[in-house]
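Just dropping this structure here.
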Amino acid sequence: MDTLVSLCKRRGFIFQSSEIYGGTGSCWDYGPLGVELKQSIKRIWWRDYVQKRADMVGLDASILMHPTVWKASGHVDNFTDPMVDCLECRRRFRADKVDETPWVHYCAATKGNKFTIPPGEPCTHCGERRTLCPECGKGQLTAPRQFNLMFKTFMGPVEEDAALTYLRPETAQGIFVNFDNVAQSMRRKLPFGIAQIGKAFRNEITPGNFIFRTREFEQMEIEFFVNPRETVEGKPADEYWHERWITDSLAWFRRYGLREENLRLREHEKDELAHYAKRTADVEYRFPIGWSELMGIANRTDFDLKQHAQYSGKALTYFDEERKEHVVPYVIEPSAGVDRALLAFLADAYQEEEVRGEKRVVLRFHPELAPIKVAVLPLLKKRDDIVRTAHAIRDTLSTHWSVVYDDTAAIGRLYRRQDEVGTPYCVTVDVQTVGDSDKGESADGKVTIRDRDSMEQARVPIAALPTVFLDLLGGGSWSAVASRYPGART
Ligand code: GAP
């Protein structure tokens, strides 16, 4: 994780928030390359799940909502974590996580000797279990008390109770309260889904592990509404669609590069299910911190629509034409964190290898994710004609993709820099491209394309670049391009 954090800072992906003031804990700013990567993740998610599907529509609801939304949803009463405080150093911990780390113990049975005891185990000398702070090892921990994770805020200029509301802790509720608006305005028939990407806020007791758990983050959520009275392929519709979404979600992460061995599914035990869920399965990823949740796919039943109907007094039902009856749809909810997805893609793409005796760091991003798709590099920055041609190529290609021009180092170094930020292709403009009148050499109008993963090169006419990149960045294979444009130098 430290390697990724340092790469992210050095190469403009992610910075500590308010760093010049000493930083704000658990808040991170996405730099020029980070914002491109994040936009790419959101763009392909929206394209695959909204644009391409006839049964999905999008929404962008506001972050601040009517306070009763959070009463109805159960967040005011149930969105809590058990918290314990250290009476000595005043640090706070999630009670259910305290036993997951080793603890420091000054054992009375051995005249106060200090031991580090493995997670969840008692002291082998005195048999005592952790009652002391996992950080300072001295202070007693208080009894657990419930701590609500929602950030409170006040609407309007006067901080009075009547104006109290919350920053949304999930984007989902904005979808539920708009169910009828969307269904009516878009004339939707079940099953159909509403997707939303947006910020969510949780006052986590123990944020950390870089962008894995933060207090401000982004979610990509789908609420997929199904008719619980229907059956599909012999199964109740909600169970059928739940399975479908689990399979689709796993396939989506695989398609954009996460390796099979780093992905797994984990079913929630009955006693850990959220208050609204009939069944939940998490897609877990093998993060640098170990296997952890990347996204959840829950069957929320009709809980949310019924709650909002009850609290608002508005019917949130669907008229089933076939059965001539009103039903409250069931909801399948695939919910992923943008920041966690970004961390997973980053971790999976990161590779170190040795090339001709030197270490090469490369981010093997799927081309659709790469923050920069093409880098245009002049071989000699002193030659005006080479520089001009390189700029012209950048200008042409940048109408389709994010393309950069760089002449701040020698070519070998420029290639390494682009490898390190995951740019799939570099275009090099050299003397042959523009010709050399002093030597009587004419221009061949071709440039060298270098493939990040194989480091092979192909010589391609400038005029063919848009077509070639349309092919390569759209999933075409490098070997096909390399054989179509021979004359490559290695
Ligand atoms: N609407 C359902 C819901 O919000 P969740 O499991 O609490 O479910 C969904 O959150 C996803 O949001 C998680 O799988 C994770 O990717 C992301 N997420 C949740 N809390 C987060 C946090 N504190 N920091 C970063 N991402 C978070």
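Ligands are counted one by one from 1 in listed order, and the atoms in each one are counted from 1 as well.
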Looking only at side chains, do H75 and Q173 share a donor and an acceptor under 3.5 Å apart?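 Q173 and H75 do not have a side-chain donor-acceptor pair below 3.5 Å.
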At a non-hydrogen distance cut-off of under 4.0 Å, which region of E333 contacts ligand 1 (side chain, backbone, both, or neither)?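 Near ligand 1, E333 shows its side chain, while the N, CA, C and O stay back.
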Per atom 9 (C) of ligand 1, closest listed option by heavy atom (S26, S335, A200):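 The residue whose heavy atom sits nearest atom 9 (C) of ligand 1 is S335.
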Is the contact between E216 and ligand 1 made by the side chain, the backbone, both, or neither, using heavy atoms and a 4.0 Å cut-off?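 Neither part.
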If the cut-off is 4.0 Å to any non-hydrogen atom of R300, which atoms of ligand 1 fall inside it?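 The atoms of ligand 1 under 4.0 Å from a heavy atom of R300 are 1 (N), 2 (C).
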Any N/O of R213 closer than 3.5 Å to an N/O of ligand 1?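 In fact, backbone or side chain, R213 has no N or O that close.
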Any idea which atoms of ligand 1 are less than 4.0 Å away from a heavy-atom of E170?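 This gives 1 (N), 2 (C), 3 (C), 4 (O) as the contact atoms.
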Per-atom contacts, ligand 1 versus M295 - under 4.0 Å to a heavy atom: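 Checking each atom against M295, I get 14 (O).
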In ligand 1, which numbered atoms sit nearer than 4.0 Å to a non-hydrogen atom of E221?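 Checking each atom against E221, I get 1 (N), 2 (C), 3 (C), 4 (O).
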Determine whether more than 12 heavy atoms belonging to other residues, nucleotides or ligands lie under 6.0 Å from atom CD of E272.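 Yes, CD of E272 has more than 12 neighbouring heavy atoms, counting only those of other groups under 6.0 Å.
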Considering F201, Y285, Y276, F212, which one's heavy-atom position lies nearest to atom 25 (C) of ligand 1?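 Minimum heavy-atom distance to atom 25 (C) of ligand 1 goes to F212.
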With a 4.0 Å cut-off on N to O distance, would you call K199 and E218 a salt bridge?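 Salt bridge absent between K199 and E218.
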Tell me: protein heavy atom nearest atom 24 (N) of ligand 1, and distance?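 Nearest neighbour among protein heavy atoms for atom 24 (N) of ligand 1, to 0.1 Å: T214 N, 3.0 Å.
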Heteroatom proximity flag, I211 to ligand 1, N/O under 3.5 Å: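 Between I211 and ligand 1, no N or O pair is found under 3.5 Å apart.
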Exercise: do T214 and S26 side chains pair donor with acceptor under 3.5 Å: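 Distance-only check fails for T214 and S26.
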Assess R264 against W291: is NZ or CZ under 6.0 Å from the centre of the six-membered ring, and within 45 degrees of the ring's axis?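 Yes, R264 and W291 form such a contact.
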With nothing but distance in play, are any N or O atoms of L294 less than 3.5 Å from an N or O of ligand 1?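 Indeed, backbone or side chain, L294 has an N or O that close.
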